[in-house]
Undergrad: 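To start, I am sharing the structure in question, which I have written as structure tokens.
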Amino acid sequence: MAPVTSLTATVHQHLAAALTSALPEADGVDPLLRRSDRADFQANGILALAKKAKANPRELATQVVAQVTTGDVIKDIEVSGPGFLNITVTDRAITDNLAARATDPDARLGVPTTAAPGTTVIDYAQPNVAKEMHVGHLRSAVIGDSVVQLLEFTGENVIRRHHIGDWGTQFGMLIQYLDEHPHELDHKDTEVTGEEAMSNLDRLYKAARRLFDSDDAFKTRARRRVVDLQAGDPHTLATWQKFVDESKIYFFSVFEKLDMEVRDPDIVGESGYNDMLAETCRLLEESGVAVRSEGALCVFFDDVKGPDGNPVPLIVQKSDGGYGYAATDLSAIRDRVFNLKANTLLYVVDARQSLHFKMVFETARRAGWLNEDVKAHQLAFGTVLGKDGKPFKTREGETVRLVDLLDEAIDRATAVVREKDTQHQLTDADITDRGTQVGIGAVKYADLSTSANRDYKFDLDQMVSLNGDTSVYLQYAYARIQSILRKAGEVRPAPHPELALHEAERALGLHIDAFAETVGEAAAEYAPHKMAAYLYQLASLYTSFYDKCPVLKAETSAQVENRLFLCDITARTLQQGMALLGIRTPERL
Ligand SMILES: NC(=[NH2+])NCCC[C@H](N)C(=O)O
């Protein structure tokens with residue numbers, strides 16, 4: 001089906017045409033149409049245009065108004081102030097527009113897909129092997145997952161890459177230890193849970209570290225193991241693989257708890273680029289992008305200097321021949337650009353790595369791997385803070401384990417659901433189920449509703465609050481609508497474009513009309529918080545509609561059907577919007 005033309009777009013077209021008739025040289029000029037409190041829309045573009053054409057703005061505005069035909073869509077247009085236009089659309093146009101969205105056979109609510117989709121490789125949810133996941137990993141996963149949903153919904157071809165930390169010197173120690181204690185990761189017949197997997201890894205890591213620090217002979221053997229690993233010795237690789245597999249059990253359990261799809265083939269860790277590292281270095285050195293400096297292969301930047309004023313290079317290869325994080329990322333760029341044919345490389349990574357990415361991207365541009373047609377962008381996110389506004393730590397000063405946090409969120413949310421169930425209609429299983437959806441939703445929403453680059457406070461009390469800008473509030477709005485629709489029984493929602501609308505119905509309808517544009521904006525700007533803000537407003541407008549307009553007790557049966565229809569399309573828009581944030585909307589709460 002053709003996408004539904006939004007009312008904003010229709011009014012925009014009318015105005016642009018009127019502008020061109022009134023002032024032919026204005027062809028293609030933006031009338032700057034905005035939603036407005038005074039009327040449905042306001043156009044602010046006449047002022048600047050009049051100034052340019054040396055015309056009187058009010059006169060020009062009056063001429064434009066004369067060119068607009070009112071009727072089916074535009075009910076009223078008038079000049080206000082020095083030359084603004086206030087535009088009101090007809091009630092019929094609002095209902096017709098919603099009806100078209102509701103009947104979209106692709107169930108996309110009339111949201112268009114891009115005509116010329118590109119390929120975006122998105123690098124997100126990238127924890128490290130044999131290490132605990134922390135809140136920083138949560139942000140990358142949650143923001144990344146929402147951006148994936150948003151981009152895919154607009155029709156972009158999205159390739160996911162989980163660039164896990166599975167390579168590097170510490171693995172020498174781990175592998176050597178496991179090799180000398182071969183049964184420490186053996187599993188009996190039972191399936192291993194994520195928690196067991198993590199505690200196995202943790203125990204092993206600590207034991208290996210103890211031996212490494214106390215036994216020089218072990219230290220030497222461990223160091224040799226790194227070389228074997230990077231050289232691809234099969235036996236070493238096999239032991240290493242055990243660590244990766246054990247870690248994946250743990251990662252998958254966390255992602256599952258987060259209600260997030262992560263597929264095994266999309267996990268391409270640092271090790272996945274090992275075969276490319278030497279070639280990457282050769283290309284950079286031969287093209288002169290990188291130079292040898294004290295044995296290391298380095299890239300220099302005019303604007304990157306240390307506190308002493310000396311340049312700080314990006315080190316692609318260390319003087320001992322080892323490759324680090326930068327060489328891997330540069331190789332990954334080559335893979336994503338030349339093999340995966342990406343047009344956009346997106347990295348959802350902590351802002352503390354911004355300098356790294358700045359240098360890596362600039363190096364890739366100098367090498368010609370990135371250019372006007374292939375762009376890279378770091379979607380940098382801020383730090384998660386505790387209630388006290390300081391970086392989130394346990395009372396003992398340790399980084400907080402992600403799993404503990406999620407469990408606590410689920411516990412609190414479950415308590416809220418239980419408390420709300422005053423009539424005791426829910427079984428214990430129901431309560432746990434919903435508590436989980438509410439708790440995980442709360443954590444995701446708190447993260448997504450602030451713009452990614454800002455730090456945010458992890459405040460569980462606020463997150464599961466029923467009032468205010470929280471996912472629970474949105475989930476309740478959705479569940480309440482479902483309960484009304486159930487109560488309506490045989491009476492089905494149906495649009496009645498002939499009906500006059502209440503002010504609150506119009507406001508709600510016009511906001512639903514803006515859904516498609518919000519999706520487009522949030523996707524183009526990688527800004528899930530814009531979707532969150534939209535949904536919060538949607539729920540608020542719904543609440544005021546519901547307060548002012550009786551639904552099941554409306555005066556006529558046509559009005560009952562039309563209001564049920566408004567309820568239904570609101571619910572579907574909420575549900576779709578929440579899905580784009582990766583958050584569930586239970587049918588009952
Ligand atoms: N391509 C990348 N460097 N992605 C980010 C990886 C994040 C890294 N594993 C960390 O935990 O900090």
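Each ligand, and each atom within it, is numbered from 1 in the order the structure gives. No hydrogens, no waters, no symmetry mates; every other heavy atom, side chains included, goes into these values.
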Undergrad: Between Val360, Asp329, Val268, Ile164, which one has a non-hydrogen atom sitting closest to atom 1 (N) of ligand 1?
TA: Asp329

Undergrad: Side-chain contact, heavy-atom cut-off 4.5 Å: Phe300 with Leu314?
TA: no

Undergrad: With only distance considered, is Asn128 within less than 3.5 Å of ligand 1 through an N or O on each side?
TA: yes

Undergrad: Who's the nearest protein heavy-atom neighbour of atom 4 (N) of ligand 1, and how far?
TA: Asp123 OD1, 3.2 Å

Undergrad: Describe, in one word, how the ring planes of Phe212 and Phe218 are oriented to each other, choosing from parallel (under 30°), tilted (30 to 60°) and perpendicular (over 60°).
TA: perpendicular

Undergrad: Apply the salt bridge (Lys or Arg N to Asp or Glu O under 4.0 Å) test between Arg139 and each candidate in Asp145, Asp447, Asp350; give the one that qualifies.
TA: Asp447

Undergrad: Measuring centre to centre across the rings, with the benzene-like ring taken for any Trp, is His163 within less than 6.0 Å of Tyr273?
TA: yes

Undergrad: For ligand 1, which atoms have a heavy atom of Tyr347 less than 4.0 angstrom away?
TA: 1 (N)

Undergrad: Pull out every atom of ligand 1 sitting under 4.0 Å from any heavy atom of His137, numbered as shown with elements.
TA: 11 (O)

Undergrad: With atoms numbered from 1 as shown, which atoms in ligand 1 lie under 4.0 angstrom from a non-hydrogen atom of Phe357?
TA: 2 (C), 3 (N)

Undergrad: To the nearest 0.5 angstrom, please state how far the CD1 atom of Ile122 sits from the CD atom of Glu156.
TA: 10.5 Å

Undergrad: Within the structure, does Gln353 bring an N/O atom to less than 3.5 angstrom of an N/O atom in ligand 1?
TA: yes

Undergrad: For atom 7 (C) of ligand 1, what's the nearest protein heavy-atom neighbour? Residue, atom name and distance, please.
TA: Tyr325 OH, 3.6 Å

Undergrad: In Å and rounded to the nearest 0.5 Å, what is the NZ to CG distance from Lys242 to Asn200?
TA: 12.0 Å

